[in-house]
Number of protein chains: 2
Amino acid sequence: MSITPATPAARPASEPATAAPPAASVAASAAGTPAPGAAFSPLYRQIKGLIVQSLDRGEWKPGEAIPSELDLASRFKVSQGTVRKAIDELAAENLLLRRQGKGTFVATHHEDRVRFRFLRMTPDDGEPVQSDSRFLECRRMRAPSEVARTLDLRGGDSVVQIRRVLSFDSVPAVIEEIFLPGAQFRGLTAERLAEYTGPMYGLFETEFGVRMIRADEKIRAVAAADSDAALLKVAAGAPLLQIERVSFTYEDRPVEMRRGLYLTTHYHYRNSLS
Amino acid sequence: MSITPATPAARPASEPATAAPPAASVAASAAGTPAPGAAFSPLYRQIKGLIVQSLDRGEWKPGEAIPSELDLASRFKVSQGTVRKAIDELAAENLLLRRQGKGTFVATHHEDRVRFRFLRMTPDDGEPVQSDSRFLECRRMRAPSEVARTLDLRGGDSVVQIRRVLSFDSVPAVIEEIFLPGAQFRGLTAERLAEYTGPMYGLFETEFGVRMIRADEKIRAVAAADSDAALLKVAAGAPLLQIERVSFTYEDRPVEMRRGLYLTTHYHYRNSLS
DNA sequence: AAGTGGTCTAGACCACGAT
DNA sequence: TCGTGGTCTAGACCACTTT
């Protein structure tokens with residue numbers, strides 16, 4: 001990234017009167033003479049990076065509007081079209097949300113549309129049901145090696161371990177174990193979790209400034225262990241859907257590791273391939 | 001769709017000398033005066049529809065290049081930018097594939113990149129392994145009511161039923177049952193299937209002109225029935241991943257219904273949420 | 001009426017691949 | 001060298017929302 005927030009477009013102060021705009025050459029010079037093997041980065045992608053940086057450092061909060069395209073264009077000293085293309089990509093990645101006539105907004109987990117992208121369990125018949133969660137555990141511990149590895153922590157770093165049971169219509173259907181980096185979730189307690197109503201990622205976002213953007217999942221069918229079977233009120237050995245999820249925030253930094261066991265007799269995991 | 005293939009851009013033959021191009025008004029007039037409640041459809045989306053029609057009727061075959069942006073622009077009597085935006089969306093939906101310097105190509109299941117979007121089973125360690133399939137059945141029958149419903153067929157229409165076992169490293173790991181509309185798959189026999197090497201969707205595409213674009217899946221954990229357990233060489237009741245898939249071709253027409261049972265002791269289903 | 005994002009055009013130039 | 005897609009700009013106008 002050769003364009004810095006301080007001097008957004010480090011370009012030669014060319015005369016604006018120039019008939020043929022040296023557009024692409026500006027991008028090339030801004031990106032510096034590309035070293036052999038260095039990837040060419042178009043202007044709009046650099047602008048995109050700057051916007052992500054601003055999102056990351058919380059310059060605009062989830063739910064808020066970001067500056068208009070023309071504002072950003074003048075701030076970065078590029079044309080509106082270039083800003084537009086940067087925002088287009090960010091909107092396609094669901095980091096931003098465009099609303100014609102109103103502005104462009106930072107996506108938030110407090111909206112259903114965002115929430116259902118990360119909540120894939122659906123009742124076989126009928127509409128989504130409100131889930132209610134009972135917390136079994138919420139404690140701090142040194143990160144187990146596997147957790148440290150996937151969350152990119154050092155061996156001795158602390159993590160928060162959460163265990164909970166989710167029920168649909170008062171029927172227990174999900175067991176979840178969650179690991180979060182302790183440093184980013186100071187003050188997270190069982191009470192905070194219990195008293196909060198709404199999506200968990202919403203809590204992370206508003207209370208701890210950590211926004212989940214993307215997640216990778218590994219899905220398997222497993223037999224219920226005795227303890228899990230008891231919590232879900234099924235026979236030991238009953239088939240359960242196991243989902244291991246690693247969630248990422250801006251710039252692909254991992255911030256959550258989650259293992260869920262799902263009873264799928266009346267619910268299924270929906271997915272779309274394309 | 002008010003622009004027809006015959007008269008692509010049914011616009012008033014305005015003088016090209018006009019300084020201020022009546023671009024947007026053209027789109028509006030092309031779309032007709034929108035009835036109250038009728039959605040406004042921008043020009044590039046109408047162009048996109050025309051391109052999809054051409055793809056659908058096989059004007060350009062999978063793997064082939066479509067005409068250049070300038071060619072399409074002059075064919076449709078719009079600017080290159082408008083064609084570009086239409087193609088951008090089609091590329092984002094994986095119907096087309098852009099290659100700088102070479103052209104824009106119709107996506108094909110004979111490419112790995114496309115194939116792995118529909119093949120989500122991955123070994124826990126190591127790289128993807130070639131699967132080999134044994135066909136248990138391939139016969140024609142009247143569509144069962146559930147199949148007829150999801151494939152949008154009439155009650156008495158014929159379907160092809162295929163049953164097969166997939167093995168990784170000679171270890172049986174998947175049982176699949178597939179239903180296809182008989183009318184679109186005339187001449188599909190067990191022999192044709194057995195002698196064909198490569199992805200099944202590739203066969204559908206080149207032999208029957210049916211291109212899979214998108215699929216919806218419902219995923220569950222189930223206990224292995226006796227017959228399935230025997231095929232997979234596991235104990236009855238063993239947990240299996242069950243995936244029900246409905247695949248769609250152009251214009252969202254359903255063309256395949258598939259039910260798979262997966263042994264996930266050494267493999268998992270990978271997914272990315274965003 | 002003013003401000004925002006959305007569409008459309010036209011033209012210049014760059015990066016890439018084939019010739 | 002040429003043709004392809006890719007980037008960038010500038011300007012006009014449309015659609016939607018709020019004032």
Side-chain angles (χ1 to χ4, degrees), chain A residues 3 9 11 14-31 33-34 38-48 65-74 76-91 96-105, chain B residues 9 11 14-31 33-34 36 38-48 65-74 76-91 96-105:
Chain A
I3 289 187
R11 61 203 289 192
S14 60
E15 304 77 2
T18 304
S25 60
V26 165
S29 75
T33 303
F40 165 74
S41 175
L43 234 198
Y44 76 87
R45 230 175 249 289
Q46 303 179 37
I47 302 300
K48 181 183 171 188
I66 71 172
S68 77
E69 294 180 350
L70 283 171
D71 283 353
L72 290 173
S74 73
F76 296 135
K77 303 276 197 300
V78 298
S79 77
Q80 183 187 10
T82 299
V83 170
R84 170 176 293 277
K85 182 139 188 176
I87 293 179
D88 276 346
E89 288 202 356
L90 292 171
L96 296 177
L97 186 63
R98 321 191 74 146
R99 285 188 228 164
Q100 185 173 131
K102 298 188 70 173
T104 300
F105 297 78
Chain B
R11 62 203 290 191
S14 60
E15 304 79 359
T18 305
S25 61
V26 164
S29 76
T33 303
F40 164 75
S41 176
L43 232 198
Y44 76 87
R45 230 174 248 291
Q46 302 178 39
I47 302 300
K48 182 184 172 188
I66 70 171
S68 76
E69 295 180 350
L70 283 171
D71 283 351
L72 290 173
S74 74
F76 296 134
K77 304 278 195 298
V78 298
S79 77
Q80 182 187 12
T82 300
V83 170
R84 171 176 292 278
K85 181 137 189 178
I87 292 179
D88 277 346
E89 288 202 356
L90 292 170
L96 295 177
L97 185 64
R98 320 190 74 145
R99 284 188 230 167
Q100 186 174 135
K102 298 187 69 174
T104 300
F105 298 77

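Keep in mind that this is a model prediction, so the values were computed, not measured. Residue numbers begin at 1 in each chain, while the letters A, B, ... track the order of the sequences.
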**Prompt:** Could you give the CD-to-P distance, from A/E69 to D/dC8, as a whole number of Å?
**Reply:** 15 Å

**Message:** Rounded to whole Å, how long is the line connecting atom CZ of B/R45 with atom P of C/dG6?
**Reply:** 11 Å

**Request:** Supply the atom-to-atom distance A/L90 CG to A/L97 CG, rounded to the nearest 0.5 angstrom.
**Result:** 12.0 Å

**Request:** For D/dG5, take OP1 and OP2 only and decide whether either is under 4.0 Å from a side-chain N or O of B/T104.
**Result:** yes

Restricting to nitrogen or oxygen on both sides, can you table the protein-nucleotides 16-19 of chain D pairs closer than 3.5 Å?
unit_1, atom_1, unit_2, atom_2, d
D/dC16, O4', A/Q100, OE1, 3.0

**Request:** In whole angstrom, give the distance that lies between atom CZ of B/F105 and atom P of C/dG17.
**Result:** 11 Å

**Complete:** 5'-most contact on DNA chain D (nearest-nucleotide basis), B/P67 vs A/V83, goes to B/P67

**Fill in**
B/K77 atom NZ is separated from C/dT9 atom P, nearest whole Å, by 13 Å

**Prompt:** Between A/Q46 and A/F76, is a side-chain contact (heavy atoms from CB on, under 4.5 Å) present by the stated rule, with each step listed?
**Reply:** CA-CA 10 Å; A/Q46 303 179 37; A/F76 296 135; over 6 Å; no

**Asked** Can you check whether B/S68 has a side-chain N or O nearer than 4.0 Å to OP1 or OP2 of D/dG3?
**Response** no

**Request:** Is it possible for you to check whether B/R98 lies under 6.0 Å from the centre of the six-membered ring of B/F105, through NZ or CZ, and within 45° of that ring's axis?
**Result:** no

**Message:** Distance check, rounded to the nearest 0.5 Å: A/L43 atom CG versus A/K77 atom NZ?
**Reply:** 13.0 Å

**Message:** Could you measure the distance from the CG atom of B/L96 to the OG1 atom of B/T104? Nearest 0.5 Å is fine.
**Reply:** 6.5 Å

**Request:** Record whether the side chain of A/R84 comes under 3.5 Å of the base of C/dG5 through a donor-acceptor pair of N or O atoms.
**Result:** no

**Request:** Report the distance from atom NZ of A/K85 to atom C1' of C/dT7, rounded to the nearest whole Å.
**Result:** 15 Å

**Complete:** When rounded to whole Å, the CD to C1' distance for the pair A/Q80 and D/dT9 reads 11 Å

**Request:** State whether the distance check finds a donor on one side and an acceptor on the other, under 3.5 Å, for side chain A/R98 versus base C/dG6.
**Result:** no

**Fill in**
B/S74 meets the side-chain contact (heavy atoms from CB on, under 4.5 Å) criterion, sequence neighbours left out, with none

**Message:** Nearest to the side chain of B/P42, heavy atoms from C-beta on, is which of C/dT7, D/dT9, C/dT9?
**Reply:** C/dT7

For residues 79-87 of chain A, run the donor-acceptor check on the side chains, cut-off 3.5 Å, and write out each pair with its distance to 0.1 Å, sequence neighbours left out.
unit_1, atom_1, unit_2, atom_2, d
A/S79, OG, A/G81, N, 3.4
A/S79, OG, A/T82, N, 3.4
A/S79, OG, A/T82, OG1, 3.4
A/Q80, NE2, A/E69, OE1, 2.9
A/R84, NH2, A/E69, OE1, 2.9

**Prompt:** How close or far is atom P of D/dC8 from atom CG of B/D88, stated in whole angstroms?
**Reply:** 14 Å

**Message:** Distance check needed: C/dA10 C1' versus B/L70 CG, whole Å only.
**Reply:** 12 Å

